[in-house]
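Read through the structure below, which is laid out as structure tokens, and then see the notes.
Every chain is numbered from 1, with letters handed out A, B, ... down the list of sequences.
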Amino acid sequence: MPKRKLDPLPSAAFQILLSLADEDLHGYAIMRQVVEQTGGRMRLGPGTLYSSIQTLLEEGCIEEVDAREDAALGPERRRYYRLTPIGRKLARVEAERLGDMLRVARAKKIFRGEHV
Amino acid sequence: MSEGIYALLLRLYPSEFQKAYAEEALQLFRDRSRDERGLVSGLLLWLDLLSDLFISIPRSYQTAPAANAKPCYDGMPLFLILEGEAPSFGSLLYGVIASILVYSVVSVLLNQGGTPFSIHTSNSPQSLSYSGAPAAPLSASAAADDTDAANYADAVGKPTPGVSLSYLPFPAKSGSTVHVTASVQALGARPTPTGTVRFFDRSSIVGEGELSNGTVTLVGKLPILPMHLLRAIYLGDNNYSAVTTLSGEKMADLTQAANSTAAKPPAPNYVRPLTFDVVSIHEDKSGDGPQNAWSGATPDGYRLRNGPLLTVIQTAFMPSEGSLTFRPNQITGVPPWAFYQIRYDIDAKVSESDMPSWKDPALQPAMLRTMLQEMLADRFKLTAHRETKVVPIYDLTLGKGSPRLKPYDGATLAEIQQRHPGAHSLAGGPIVVVGPNPGQQWFFGVTLSQLGTLLSNLAGRPVLDKTGLTGRYDVSYQIELRPPPQEDGTPASVPPDFFSSQISTIVEGQLGLRLKAGSEPVESLVIDHVEQPSVN
């Protein structure tokens with residue numbers, strides 16, 4: 001279950017969890033994935049990114065896996081992070097909550113037609 | 001330099017965070033800097049970073065960060081969540097202003113070769129904060145690509161001038177006043193360099209002054225220390241980038257002078273020049289071919305076997321931009337006997353008093369060059385000067401992808417020799433390993449400038465580093481030593497352009513870098529006079 005530090009779940013942490021849903025990623029790849037999945041609306045700076053990662057690690061939502069090189073970025077070894085079952089569950093709960101909010105918004109006709 | 005500034009800013013985070021993530025944050029900074037180039041992208045990058053710093057640093061010190069805040073309305077935390085991550089207008093405005101300020105400072109430092117410190121002297125003599133005496137006017141040469149120079153260096157394409165350091169009187173009397181002069185040479189038709197030169201003894205700043213007609217002289221006294229390592233860093237101006245004389249280019253062993261004082265009162269107060277203790281020079285009569293030539297530092301000095309004098313000259317004089325050696329076609333005025341006709345055996349020994357310094361890997365390369373220059377002047381009556389000519393070159397630049405360069409982990413020669421027994425170091429510091437496959441080359445701790453020199457030997461023209469990368473790297477590439485055999489199985493002859501034709505494959509295919517042909521002023525060494533020595 002979500003722990004106190006992630007209640008409510010900050011959007012940065014939620015985006016990091018989503019970015020790791022498909023594969024293990026290192027910090028810079030997480031940042032790029034978040035940019036991509038938010039259509040460029042969220043670009044995590046290093047401080048926000050790594051403080052969020054730190055919290056997610058402490059809460060067991062992600063785990064660190066073996067450091068390795070990213071062939072596309074050069075020979076530097078990088079720490080990779082993996083979504084844990086707890087993290088996946090937390091992301092699902094948050095997505096469901098956002099889905100509920102979306103349904104409320106639709107019911108209240110907040111959106112204009114082309115966005116519904 | 002930008003990375004250095006960001007590294008400093010990271011120190012604002014709690015120490016636990018720094019320990020855990022500072023290196024990763026820097027890595028991310030490097031990644032973004034590499035991928036987001038240009039003025040606008042650079043500005044946006046710093047805007048992002050500063051906004052991030054202003055938001056995340058206060059949070060990182062909070063025991064109950066914003067993420068912990070309870071929602072005002074149970075079950076409806078969405079707006080709070082979003083607001084918790086989005087910067088406020090005030091933060092953004094603060095970030096914009098701070099970004100512009102920081103970016104302006106960075107731009108000024110990069111483009112003007114400026115200094116973050118105050119400049120407080122003129123070219124008139126001034127006192128240094130020392131007492132005691134240096135040193136001897138050792139022959140001068142200059143080298144960029146030193147750590148300090150890299151900190152000051154301009155990575156955006158301004159040419160690097162030559163800078164030399166000398167001091168008088170020679171010999172210097174202990175306690176006497178010494179004039180230390182730095183000269184920064186103009187390149188081609190470019191204007192005379194202006195700006196500031198900073199003087200160092202080891203890592204201590206001993207003074208600085210403004211150039212006048214390309215020179216600046218400081219006057220002062222140096223303390224009696226076992227060894228002085230004097231150098232000057234030119235901080236650059238609108239036309240030239242920053243450059244330093246090599247660390248240890250000027251040195252004097254004052255221990256010897258102090259020890260001698262008791263034995264021989266008048267002379268011992270004087271510092272002797274840095275020379276080999278014993279030099280033996282013979283023509284090589286072995287009849288071996290050039291493939292058996294050998295040249296290099298030994299545990300107690302220098303040895304040349306079956307080599308031409310040109311090899312010694314290449315070892316003694318380093319190009320000002322800091323690459324490993326002058327290529328043979330960058331040295332003019334060498335008579336045929338010195339170029340290839342006469343092959344020498346030379347054995348030079350370092351004195352016992354200089355041996356502690358000689359055994360210091362940080363000092364030995366500069367000591368070797370200085371001692372060889374003294375030997376060439378003394379035994380071969382060699383005089384030379386540097387000049388700059390426009391010649392065809394290749395610019396070595398970053399490719400579209402990431403370069404395949406591994407950051408150097410600081411492994412020493414001894415450590416590398418444990419893995420590769422044949423490893424040896426080159427002048428300038430990098431360690432080379434050949435093999436185990438034919439044509440395979442490994443270089444450890446090589447700068448991009450030095451890599452350019454190594455590639456020059458293949459390319460047949462100077463390869464100038466324009467990558468902007470200032471670190472040392474481990475690099476490996478494979479050279480084809482022979483063309484494939486002919487259809488009937490007989491060995492094919494090696495065409496004249498066989499090696500130069502491989503340069504694109506190596507640089508682009510194996511190193512992930514790029515070559516761009518052009519022509520540029522390149523420094524050459526002109527031998528004004530040299531004569532055959534009286535052999536012993």
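Applying the ring pair (Phe, Tyr, Trp, His ring centres under 6.0 Å) test to B:F29 and every residue at least two apart in sequence or in another chain returns B:Y6, B:W46. Residues meeting the side chain to side chain donor-acceptor pair (under 3.5 Å) test with A:R41, sequence neighbours left out: none.
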Exercise for review: Give the C-alpha distance, both sets of side-chain angles, the deciding distance and a yes or no for side-chain contact (heavy atoms from CB on, under 4.5 Å) between B:R32 and A:R32.
Suggested key: CA-CA 10 Å; B:R32 288 193 63 179; A:R32 289 193 305 189; over 6 Å; no
**Study point:** Worked verdict on A:R78 versus B:D31 for side-chain contact (heavy atoms from CB on, under 4.5 Å)
**Key:** CA-CA 12 Å; A:R78 294 160 188 273; B:D31 289 332; 2.6 Å; yes
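Residue contact with chain B, scored on non-hydrogen atoms closer than 4.5 Å, is absent for A:I30. Residue contact with chain A, scored on non-hydrogen atoms closer than 4.5 Å, involves the side chain of B:D48 exclusively. Residue contact with chain A, scored on non-hydrogen atoms closer than 4.5 Å, involves the side chain of B:L49 exclusively.
The neighbour count for B:R514 CZ, taken as heavy atoms of other residues, nucleotides or ligands under 6.0 Å away, does not exceed 12.
Taking chain B as the reference chain and counting heavy-atom pairs below 4.5 Å, the highest number among A:G47, A:S51, A:G45 is found for A:G47.
Listed by sequence position, B:F17, B:A20, B:Y21, B:E24, B:A25 are the residues of residues 16-25 of chain B in contact with chain A, using a 4.5 angstrom heavy-atom cutoff. Residues of residues 17-29 of chain A lying under 4.5 angstrom from chain B, judged on non-hydrogen atoms, are A:G27, A:Y28 by number.
Put simply, the side chain of B:L45 does not reach to within 4.5 Å of the side chain of A:R43, judged on heavy atoms.
Atom CG of residue B:D52 and atom OH of residue A:Y50 lie 11.0 Å apart, to the nearest 0.5 angstrom.
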